[in-house]
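Just the heavy atoms: all of them, side chains too, but no hydrogens, waters or symmetry mates, feed the values below.
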Amino acid sequence: MKLKTSKIMIVTLLAAMLVPLNSCNEDELQISNPNTVSQLAFFNDEADFRVAVNGMIHPITAVFFWGRVVHTGPTLRSDAFNVVPFANNTTMSTLQGVPGVSRWSSNMFPQLYQTIFRANTILEEANDENLPAGSGRDEVLGQAYFMRAFANWYLAAFWGNVPLVLSTPENQEEFFPSPATQTEIFNSVLSDLAMAASMLPATWSDNDLGRPTSGSALALRGKTNLYMGNFSEAATDLRAVVTSGVYSLLPAEQYGDNFNVVGENNSESVFELQFAAQDNFVWGSDIPLTGSQSNYIIDYAPPTYSLDRGHYINPHILQAFEDNGDTVRRNETIAFDYPGATGYGGTPFLEDFAGDIEAAQVAGVDPLFTRKYAMLFAGTRDQISPFGENIGLNWRIIRYADVLLMLAEAENENGNTPEAIALVNQVRQRAQIADLPNTLSSTEVFDAIVEERIMELTGEGHRYLDLVRWGLAEEVLGAGSTIAGGRHPKSLAGESAVFTPGRDELIWIPVPELNANPNLNQNPGY
């Protein structure tokens, strides 16, 4: 049984801080809230800390972060998706968002700091009496270090220069922190992940499946080093994951299990967020049994089924599969008309997607639709809630195939091109396509890795940040791009839906945060 964070009591004491007030009658302030647990009465033993750990994880899985909004914004910015505009819901995914008007950035930002605050509290409250040394202590603190690093990773990757909060604020100055640089935040992530890797177990028992492991920490640390250009260090971290013996690629016939309920927490899963099917949907709440269902079906469902009008897959994505003869990954990534293709609940594709195909024809785009995370496996359209809360599909954050490709990239940058080719070929062999030849140059191998990541990882939230870190975002998503079958990848959103260098590498800092903290600065270009 996998861990479902939304099914575990979340300690409400971690959602607020007790701030001392001046010029007041202190006796009148000593009023207990019967609906909460005082922090002074908590953190008595390991059981309390384990409950607090579950509360720490919850904001990350909630609707306003990985539960949905990350998908509505940053991940759908990729050139893979030609997004149908839907008012302010899609301006982030179409590169048209502006501060104070467009939705979602204001929702995501505080979720991450909420997790960081809870992680800091756990780390600060632990002592030799309430959490004695041993495996239990390591498991608790290791998860706190990991989740703090995880939250800071997204703050750095999405927003760049933001406050780095590594302790509970205690005075006026600390309540209004100045921004750290992106590099400083990533360095903190590296430090926290080193601690997490040294404390966390390599695997968990069935009741705790889904919690971060030492492999999760090393993989995210390797990814961080890769993003920073620390290729030697990235290779060391990622190689440790590969040689751990814990992970393996699923066989070709089970590739689709990486994106359905049956295959959750499988041998290829290095870290995945756990989601629970829930009938009692409450938008954006931070209370037990709500807010951690996989609402991202709204963003990956086809246009006539999505509540936000959906999107189409651009034809150059399909072309990558066709050029490589890859039907294994193609058929699990793109829903389109090929022999034997099916739609929701196994209904023949042309029958189930008839309305969507017509919509594509009207829009003047190819009838190519997302299959990953659109939950086609879960039943017919009338059996799945438009919000997807009755499915509870986990989101795979890091898969072993991703680790192999990141390691290949690091080794290629380190001059170990033959080793890089061998790593890419492991991924290609699972897909049952031809190996890369051993005669490729370093530049050719880099280009092959870029294409391989399209075939392996499209629809999983990596592409946009890849383009930014490779310096390819302007070429692929800029004003002159016609990569999408002669069209711009965001053509449906109009001429302004283009990548602007010096601006769109990052998301805008939410206006409420700027208003609340005078030491913050808006990101360039906004």
Side-chain angles (χ1 to χ4, degrees), residues 76 78-84 249-263 268 297 299-306 310-381 383-384 393 396 399 401 427-435 448 451-460 463 483-487 489 491-492:
L76 286 178
S78 161
D79 61 305
F81 308 109
N82 202 340
V83 176
V84 181
L249 297 174
L250 295 179
E253 60 271 18
Q254 293 180 253
Y255 176 73
D257 284 351
N258 286 309
F259 319 107
N260 60 31
V261 172
V262 173
E268 195 166 335
I297 187 176
D299 302 294
Y300 298 96
T304 64
Y305 189 37
S306 170
H311 63 261
Y312 302 91
I313 296 290
N314 280 311
H316 67 290
I317 302 299
L318 175 60
Q319 194 61 49
F321 293 104
E322 304 293 26
D323 289 346
N324 288 272
D326 185 346
T327 59
V328 170
R329 294 180 292 188
R330 181 200 71 179
N331 295 353
E332 296 294 345
T333 302
I334 307 175
F336 73 110
D337 183 21
Y338 61 87
T342 58
Y344 280 92
T347 306
F349 174 80
L350 291 177
E351 175 186 339
D352 189 53
F353 276 76
D356 303 294
I357 294 170
E358 181 179 355
Q361 292 170 342
V362 171
V365 297
D366 294 16
L368 306 173
F369 311 95
T370 291
R371 181 173 289 274
K372 289 179 182 175
Y373 296 105
M375 304 185 193
L376 275 68
F377 65 87
T380 58
R381 297 190 186 208
Q383 293 174 324
I384 304 173
L393 176 61
R396 281 66 164 183
R399 290 195 291 114
V427 180
R428 293 175 68 85
Q429 287 161 11
R430 189 269 293 277
Q432 299 180 338
I433 60 177
D435 283 356
E451 186 169 64
E452 198 67 34
R453 289 183 71 83
I454 290 176
M455 294 184 289
E456 182 66 38
L457 299 167
T458 286
E460 298 181 50
R463 175 70 171 173
I483 192 174
R487 296 185 298 269
S491 62
L492 294 178

Where Ala378 and Ile384 come nearest, the two heavy atoms and their spacing: CB-CD1, 3.8 Å
Over 12 foreign heavy atoms within 6.0 Å of CD, Glu358: no
Asn314 side chain to His316 backbone, donor-acceptor under 3.5 Å: no
Qualifying residues under salt bridge (Lys or Arg N to Asp or Glu O under 4.0 Å), relative to Asp366, sequence neighbours excluded: Arg487
Closest non-hydrogen atom pair between Arg396 and Asn260, with its separation: NH2-O, 2.8 Å
Backbone N/O of Thr458 and side chain of Lys372: donor-acceptor pair under 3.5 Å: yes
Interatomic distance, Asp299 atom CG to Tyr373 atom OH [nearest 0.5 angstrom]: 13.5 Å
Contact summary for Ala401 and Arg430, nearest pair of heavy atoms: CB-NH2, 3.9 Å
Residues forming a salt bridge (Lys or Arg N to Asp or Glu O under 4.0 Å) with Glu451, sequence neighbours excluded: none
Thr347: partners by side chain to side chain donor-acceptor pair (under 3.5 Å), with sequence neighbours left out: none
Ser491 side chain to Asn82 side chain, donor-acceptor N/O pair below 3.5 angstrom: yes
Euclidean distance, Asp257 CG relative to Leu250 CG, rounded to 0.5 Å: 6.5 Å
Steps toward side-chain contact (heavy atoms from CB on, under 4.5 Å) verdict (Tyr312, Val84): CA-CA 8 Å; Tyr312 302 91; Val84 181; 3.7 Å; yes
Non-hydrogen atoms of Ile433 and Arg329 that approach each other most closely: CD1-NH2, 3.5 Å
From Ile454 atom CD1 to Asp323 atom CG, the distance as rounded to the nearest 0.5 Å: 10.5 Å
With Arg330 via salt bridge (Lys or Arg N to Asp or Glu O under 4.0 Å) - residues at least two apart: Glu322
Gap separating the CG atom of Asp326 from the CE atom of Met455, nearest 0.5 angstrom: 5.5 Å
Met375 side, atom CE; Arg381 side, atom CZ - distance, nearest 0.5 Å: 14.0 Å
Intermediate values then yes/no, side-chain contact (heavy atoms from CB on, under 4.5 Å), Phe377 and Val262: CA-CA 10 Å; Phe377 65 87; Val262 173; over 6 Å; no
Considering all heavy atoms, the nearest Leu376-Thr342 contact: CD2-O, 4.1 Å
Side-chain heavy atoms of Tyr338 within contact of Thr327, under 4.5 Å: no
Residues that Arg399 engages under salt bridge (Lys or Arg N to Asp or Glu O under 4.0 Å), provided they are two or more places apart: Glu268, Glu456, Glu460
Salt-bridge present (Asp435, Arg428; N to O < 4.0 Å): no
CD1 on Ile313 to CD1 on Ile334, rounded to 0.5 Å: 6.0 Å
Which atom of Pro489 lies closest to which atom of Asp79, heavy atoms considered: CB-O, 3.7 Å
Check: Asn331 main-chain N/O paired with Arg371 side-chain donor or acceptor under 3.5 Å: yes
Qualifying residue for ring pair (Phe, Tyr, Trp, His ring centres under 6.0 Å) with Phe369, from Tyr300, Phe336, Phe353: Phe353
By side chain to side chain contact (heavy atoms under 4.5 Å, CB included) - contacts of Ala434 (at least two apart): none
Donor-acceptor pair, side chain of Gln254 and main chain of Pro251, under 3.5 angstrom: no
